[in-house]
Amino acid sequence: MGAPSPHDPGPIRRWHVDIDRLLNPFLPASVLPRLPHPVAHFLGYRSHPSHAGRIGNVLVIFWAAIGIFGSLAVIGAVGQQIPEFQARGVPVIIGSFGAAAVLDFYAIESPLAQPRNAILGQLVSAIVGVSVCKLFALGPDFERVRWLGGALACALATACMGFTNTVHPPAGATALMAVIDDDVARLGWFLIPPVLLGGVLMLAVALLVNNVQRRFPYYWWSPEEMGQQWKKEVTKQEMKRVPSTQDGGSVSGAAGSSGDLEAPPMVEFVDEERLVIVKGHVRIPRDMYLTFEEKLLLETLSQRIS
């Protein structure tokens with residue numbers, strides 16, 4: 001075996017961990033197409049691509065301002081009505097929600113603003129932040145090295161969010177505050193309930209405001225197809241129930257009836273070595289990694305094909 005080339009980057013540069021590749025085949029497919037249209041609309045589902053075009057930044061700024069004000073006001077008002085929050089001295093609004101509101105109402109197309117990231121990112125960061133704070137508090141010089149604990153909490157929270165595909169930048173502030181902010185640090189594990197409640201309330205307001213003239217979310221869990229394993233099982237069961245035809249008749253009607261329930265996915269990952277873009281559909285090689293923005297671009301191109 002020859003000596004490795006000095007220009008060879010080595011395998012470590014090509015390491016890539018994608019938890020969705022493991023989870024998505026076993027997660028159920030979206031039920032949004034089966035919901036009543038008004039409900040599905042305000043949950044971000046669109047049965048047909050919108051041809052209205054993008055709105056100008058004046059309306060984007062207007063709706064963002066309405067959403068930011070409304071969501072933070074709702075979080076503060078609800079928190080004031082919970083006696084347990086008052087008894088434990090929970091801040092009216094945790095500081096990181098200010099940054100989260102800007103992201104969730106202004107940059108709604110960003111993958112960092114989607115529900116999975118907004119909720120789970122905050123949860124992961126709160127757990128990491130409290131854990132690091134309690135670990136550092138065991139030492140005799142906690143106050144003197146508290147800044148170091150905050151830096152470690154933010155770094156570890158980012159790593160955990162990265163490996164779980166739940167990166168949400170404001171959540172990094174949650175992990176940091178869980179260590180260095182006295183009002184937040186003294187809550188301990190009780191930081192998790194107000195963080196989750198605030199995230200859910202902000203998401204509820206975002207679903208209402210962001211779907212008036214825009215679309216939110218673009219996905220709830222992942223932009224990639226889910227439920228492949230379930231679909232395989234359903235297909236196997238359907239094949240067992242469909243009788244074989246002796247006269248060469250077609251059974252496409254029986255097999256196709258289930259397709260009326262849900263349109264085929266806009267972006268499909270397949271075992272092919274070519275990228276195919278047709279009207280309303282994109283086929284991507286399964287081994288090809290794309291960011292959300294790249295998938296969104298391909299989807300947009302497929303919609304523009306006449």
**Student:** Tell me, with the steps shown, if V184 and T174 meet side chain to side chain contact (heavy atoms under 4.5 Å, CB included).
**Tutor:** CA-CA 9 Å; V184 177; T174 301; over 6 Å; no
**Student:** Using a 4.5 Å cut-off on heavy atoms from C-beta on, say whether the side chain of R116 contacts that of Y219.
**Tutor:**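 No - every pair of side-chain heavy atoms lies 4.5 Å or more apart.
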**Student:** Given the rule that I, L, V, M, F, W and Y join up when any side-chain heavy atoms are under 4.5 Å apart, are L196 and L187 in one cluster?
**Tutor:**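 L196 clusters together with L187.
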**Student:** Can you confirm whether E273 is buried at CD, in the sense that more than 12 heavy atoms of other residues, nucleotides or ligands lie under 6.0 Å from that atom?
**Tutor:**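 Count not over threshold, so no.
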**Student:** Take T158 and V167, measure what side chain to side chain contact (heavy atoms under 4.5 Å, CB included) needs, and give me the verdict at the end.
**Tutor:** CA-CA 7 Å; T158 302; V167 175; 5.7 Å; no
**Student:** Any side-chain heavy atom of L120 sitting closer than 4.5 Å to one from T164?
**Tutor:**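 Counting from C-beta outward, L120 and T164 never come under 4.5 Å.
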**Student:** Please name all residues satisfying salt bridge (Lys or Arg N to Asp or Glu O under 4.0 Å) with R146, sequence neighbours left out, ordered by chain then number.
**Tutor:**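 For R146 the salt bridge (Lys or Arg N to Asp or Glu O under 4.0 Å) partners, ignoring immediate neighbours, are E143, D182.
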**Student:** Let me check something: do I127 and I94 share a hydrophobic cluster, defined by ILVMFWY side-chain heavy atoms less than 4.5 Å apart, either directly or through other members?
**Tutor:**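 Hydrophobic grouping puts I127 with I94.
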**Student:** Give the C-alpha distance, both sets of side-chain angles, the deciding distance and a yes or no for side chain to side chain contact (heavy atoms under 4.5 Å, CB included) between M202 and L72.
**Tutor:** CA-CA 7 Å; M202 183 170 292; L72 294 179; 4.0 Å; yes
**Student:** Give a yes or no on whether I180 and F97 share a hydrophobic cluster (residues Ile, Leu, Val, Met, Phe, Trp, Tyr; joining criterion: side-chain heavy atoms under 4.5 Å apart).
**Tutor:**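 I180 does not cluster with F97.
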**Student:** Is the backbone of L112 close enough, under 3.5 Å, to the side chain of N117 for a donor and an acceptor to pair up by distance?
**Tutor:**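 Checking the backbone N and O of L112 against the side chain of N117, no donor-acceptor pair under 3.5 Å is found.
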**Student:** Any side-chain heavy atom of V90 sitting closer than 4.5 Å to one from I82?
**Tutor:**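 Side chain of V90 against side chain of I82, heavy atoms only: no contact under 4.5 Å found.
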**Student:** Would you check if F216 and L203 make a side-chain contact, meaning some heavy-atom pair closer than 4.5 Å?
**Tutor:**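 F216 reaches L203 side chain to side chain.
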**Student:** Do the side chains of D104 and H168 get nearer than 4.5 Å, heavy atoms only?
**Tutor:**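 Yes. Closest side-chain heavy atoms under 4.5 Å.
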**Student:** Please give me the minimum heavy-atom distance between R215 and R46, naming the atom from each residue.
**Tutor:**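 Looks like CA-NH2, 3.6 Å.
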**Student:** Counting only N and O atoms by type, is there a donor-acceptor contact under 3.5 Å from the side chain of W220 to the main-chain atoms of G44?
**Tutor:**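 Such a contact is absent between W220 side chain and G44 backbone.
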**Student:** Please say whether more than 12 non-hydrogen atoms of neighbouring residues, nucleotides or ligands are located less than 6.0 Å from CH2 in W147.
**Tutor:**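 Atom CH2 in W147 is not crowded, with 12 or fewer foreign heavy atoms closer than 6.0 Å.
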**Student:** How long is the straight-line distance from CZ of R21 back to CG of D18, given to the nearest 0.5 Å?
**Tutor:**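 It comes to 5.5 Å.
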**Student:** Please find the pair of heavy atoms, one from V212 and one from W63, that lie closest to each other, and give the distance.
**Tutor:**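 For V212 versus W63, the nearest heavy atoms are CG1-CZ2, 3.6 Å.
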**Student:** Give me the atom names and distance for the closest heavy-atom approach of V205 to G70.
**Tutor:**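 Where V205 meets G70 most closely, the heavy atoms are CG1-C, 4.4 Å.
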**Student:** Measuring from L207:CG to F42:CZ, what's the distance to the nearest 0.5 Å?
**Tutor:**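 So the gap between those two atoms works out to 9.5 Å.
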**Student:** Under 4.5 Å between any side-chain heavy atoms of P169 and L103, yes or no?
**Tutor:**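 Result yes, sub-4.5 Å side-chain heavy-atom pair found.
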**Student:** Say you draw a straight line from CD1 of I108 to CZ of R214; how long is it, rounded to the nearest 0.5 Å?
**Tutor:**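 So the gap between those two atoms works out to 4.0 Å.
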**Student:** Looking only at heavy atoms, which two atoms of V179 and A153 are closest? And how far apart?
**Tutor:**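 The answer is CG2-CB, 3.7 Å.
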**Student:** Quick one: does V195's side chain get under 4.5 Å of S125's, heavy atoms only?
**Tutor:**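 No. Closest side-chain heavy atoms not under 4.5 Å.
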**Student:** Applying the side chain to side chain contact (heavy atoms under 4.5 Å, CB included) test to I284, which of V270, V276, L298, I277 qualifies?
**Tutor:**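 Of the listed residues V270, V276, L298, I277, the side chain to side chain contact (heavy atoms under 4.5 Å, CB included) partner of I284 is L298.
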**Student:** Under 3.5 Å, is there a donor on one side chain and an acceptor on the other for Y218 and E109?
**Tutor:**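 Judged by distance alone, the side chains do pair up.
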**Student:** Hey, could you give me the CE/CG distance between M161 and L156, rounded to the nearest 0.5 Å?
**Tutor:**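 M161 CE to L156 CG: 11.0 Å, rounded to 0.5 Å.
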**Student:** Of all heavy-atom pairs between G198 and I75, which one has the smallest distance, and what is that distance?
**Tutor:**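 Taking G198 first and I75 second, the nearest heavy atoms are O-CD1, 3.5 Å.
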**Student:** Report yes if some heavy atom in the side chain of W221 is under 4.5 Å from a heavy atom in the side chain of L27; otherwise report no.
**Tutor:**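 Heavy-atom side-chain distance check passes, below 4.5 Å.
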**Student:** Looking at CD1 of I66 and CD1 of I61, how far apart are the two atoms once the value is rounded to the nearest 0.5 Å?
**Tutor:**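 The distance works out to 12.5 Å.
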**Student:** Ignoring hydrogens and geometry, is there a side-chain-to-backbone donor-acceptor pair from R186 to G89 under 3.5 Å?
**Tutor:**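 Here the side-chain-to-backbone pair exists.
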**Student:** Is there a chain of hydrophobic side chains (I, L, V, M, F, W, Y, each step under 4.5 Å between heavy atoms) that links L176 to V128?
**Tutor:**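 L176 and V128: one cluster.
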**Student:** Hey, quick one: are F105 and F69 part of the same hydrophobic cluster, counting side-chain heavy atoms closer than 4.5 Å, chains of contacts allowed?
**Tutor:**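 Result: no, two separate clusters.
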**Student:** CG of D20 to CD of E224: how many Å apart, nearest 0.5 Å?
**Tutor:**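 Between D20 CG and E224 CD, I get 6.0 Å after rounding to 0.5 Å.
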**Student:** Between I119 and V200, what is the shortest heavy-atom contact and its length?
**Tutor:**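 Scanning both residues, the minimum pair turns out to be CD1-N, 3.7 Å.
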